[in-house]
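Reckoned from all heavy atoms, side chains included, excluding hydrogens, waters and symmetry mates.
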Amino acid sequence: MPTTPLRVAVVCSSNQNRSMEAHNILSKRSFNVRSFGTGTHVKLPGPAPDKPNVYDFKTTYEQMYNDLLKKDKELYTQNGILHMLERNKRIKPRPERFQNCKDYFDLVITCEERVYDQVVEDLNSREQETCQPVHVINVDIQDNHEEATLGAFLICELCQCIQHTEDMENEIDELLQEFEDKSTRTFLHTICFY
């Protein structure tokens with residue numbers, strides 16, 4: 001079993017729903033976790049599918065909350081966005097973009113294949129400094145509140161199992177196969193190096 005806790009990053013597109021729900025669950029289980037998005041902007045549902053609310057990654061969750069409260073308190077309460085932003089601001093001040101983070105992680109878990117591709121591309125474009133491996137795993141999670149919660153518990157269970165392996169490098173493929181069979185989801189997995 002590893003002597004130090006796993007350093008985990010959870011990544012979705014906007015660092016709002018899926019990655020933050022997993023961040024919340026993992027931090028309550030004492031994991032060393034951070035969460036990120038990979039998009040160029042943060043997007044939240046708007047009054048119509050073609051009218052999202054778009055913010056810069058520098059915008060705090062508090063500022064987003066207040067903006068949506070002014071725009072349409074009833075709509076954003078009913079669709080759960082204000083509740084989600086309340087949770088987010090209890091965890092950290094603002095969304096973060098994965099491509100701007102230079103910290104090292106043992107495990108990066110993405111929540112959709114497009115995000116997985118962006119993370120792998122970013123990690124492979126960095127100059128290798130330490131040759132420390134980082135496992136990148138994709139767990140496809142639909143971007144809605146219910147699936148984010150279910151996905152967060154699946155990610156947490158996966159991290160707990162990986163944390164308790166004797167030899168992560170040699171056991172992770174078998175472990176992922178077991179999780180695929182159990183969850184009926186397909187996991188993507190690759191190793192990049194710092």
Side-chain angles (χ1 to χ4, degrees), residues 1-42 57-58 91-141 143 148 151-183 185-194:
M1 189 162 90
T3 54
T4 58
L6 284 175
R7 293 165 299 177
V8 180
V10 187
V11 189
C12 66
S13 185
S14 290
N15 197 198
Q16 290 288 343
N17 184 29
R18 298 165 293 177
S19 62
M20 287 300 286
E21 183 66 17
H23 186 152
N24 186 37
I25 300 290
L26 288 168
S27 64
K28 287 179 179 177
R29 303 290 193 287
S30 301
F31 276 92
N32 179 356
V33 61
R34 291 188 56 198
S35 60
F36 301 92
T38 57
T40 52
H41 292 91
V42 173
F57 269 89
K58 292 182 176 88
I91 296 170
K92 64 183 190 177
R94 66 178 42 86
E96 296 174 86
R97 196 161 181 262
F98 182 79
Q99 295 90 327
N100 297 339
C101 177
K102 301 307 173 201
D103 293 345
Y104 292 177
F105 299 95
D106 302 303
L107 190 59
V108 177
I109 300 178
T110 61
C111 299
E112 68 179 270
E113 190 170 347
R114 179 178 55 86
V115 172
Y116 173 85
D117 292 340
Q118 291 169 325
V119 165
V120 170
E121 180 182 345
D122 178 69
L123 289 170
N124 286 336
S125 72
R126 298 179 186 188
E127 190 171 323
Q128 286 187 2
E129 297 173 355
T130 65
C131 292
Q132 173 193 322
V134 54
H135 291 268
V136 184
I137 298 171
N138 184 67
V139 180
D140 269 326
I141 301 169
D143 196 1
F153 281 107
L154 180 64
I155 288 170
C156 184
E157 187 180 351
L158 177 62
C159 288
Q160 287 171 326
C161 288
I162 291 170
Q163 179 72 49
H164 290 96
T165 59
E166 294 293 325
D167 181 358
M168 181 170 84
E169 301 305 321
N170 288 318
E171 295 178 44
I172 196 163
D173 287 331
E174 187 177 327
L175 186 66
L176 289 173
Q177 185 60 55
E178 289 172 18
F179 265 82
E180 280 188 0
D181 296 342
K182 184 169 126 181
S183 68
R185 296 178 191 242
T186 302
F187 291 69
L188 298 174
H189 171 240
T190 193
I191 300 174
C192 297
F193 296 90
Y194 286 113

Checking side-chain contact (heavy atoms from CB on, under 4.5 Å) between Cys111 and each of Val10, Val139, Asp143, Asn17, which is the one that passes?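 Filter result, single survivor: Val10.
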
What's the spacing between [X] [atom1] and [Y] [atom2] if we round to 0.5 Å?
{"X": "Arg18", "Y": "Ser13", "atom1": "CZ", "atom2": "OG", "value": "7.0 Å"}
{"X": "Ile155", "Y": "His23", "atom1": "CD1", "atom2": "NE2", "value": "12.5 Å"}
{"X": "Thr165", "Y": "Asn170", "atom1": "OG1", "atom2": "CG", "value": "9.5 Å"}
{"X": "Asn138", "Y": "Arg185", "atom1": "CG", "atom2": "CZ", "value": "10.5 Å"}
{"X": "Arg94", "Y": "Lys58", "atom1": "CZ", "atom2": "NZ", "value": "9.5 Å"}
{"X": "Gln160", "Y": "Ser30", "atom1": "CD", "atom2": "OG", "value": "10.0 Å"}

Check against side-chain contact (heavy atoms from CB on, under 4.5 Å), Ile109 and Cys159: CA-CA 9 Å; Ile109 300 178; Cys159 288; 3.6 Å; yes

Taking the six-membered ring of Phe36, is NZ or CZ of Lys92 closer than 6.0 Å to its centre and within 45° of its axis? yes

Would Arg126 count as a cation-pi partner of Phe98, with NZ or CZ less than 6.0 Å from the six-membered ring centre and within 45° of the ring normal? yes

I want to check something: taking the side chain as every heavy atom from C-beta on, are [X] and [Y] in contact at a cut-off of under 4.5 Å?
{"X": "Phe105", "Y": "Val11", "result": "no"}
{"X": "Arg29", "Y": "Ile25", "result": "yes"}
{"X": "Met168", "Y": "Leu6", "result": "yes"}
{"X": "Asn24", "Y": "Lys28", "result": "yes"}
{"X": "Met20", "Y": "Asn15", "result": "yes"}
{"X": "Tyr194", "Y": "Leu123", "result": "yes"}
{"X": "Ile172", "Y": "Ile162", "result": "yes"}
{"X": "Glu96", "Y": "Cys101", "result": "no"}

Looking at Glu178, I'd like to know if its CD atom is crowded, meaning that more than 12 non-hydrogen atoms belonging to other residues, nucleotides or ligands lie closer than 6.0 Å. yes

Answer yes or no: does atom CD of Glu174 have more than 12 heavy-atom neighbours from other residues, nucleotides or ligands under 6.0 Å?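 Atom CD in Glu174 is not crowded, with 12 or fewer foreign heavy atoms closer than 6.0 Å.
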
Scanning both residues in full, the closest heavy-atom pair of Thr110 with Tyr116 reads OG1-CB, 3.2 Å

Kindly give the heavy-atom pair with the smallest separation between Pro5 and Asp106, and that separation in Å. O-OD2, 4.1 Å

Main chain of Val42, side chain of Gln16: is a donor-acceptor contact present, judged purely on distance under 3.5 Å?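 Absent.
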
Quiz question: by atom type and distance under 3.5 Å, do the side chains of Asp181 and Gln177 form a donor-acceptor pair? yes

Quick one about Thr38 and Gln118 (side-chain donor to acceptor, distance below 3.5 Å, no hydrogens or angles considered), yes or no? yes

Parallel, tilted or perpendicular: ring planes of Phe187 versus Phe179, cut at 30 and 60 degrees: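 Ring orientation of Phe187 relative to Phe179: perpendicular.
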
Which residue, Arg7, Gln132, Glu129, forms the side chain to side chain donor-acceptor pair (under 3.5 Å) with Tyr104? Glu129

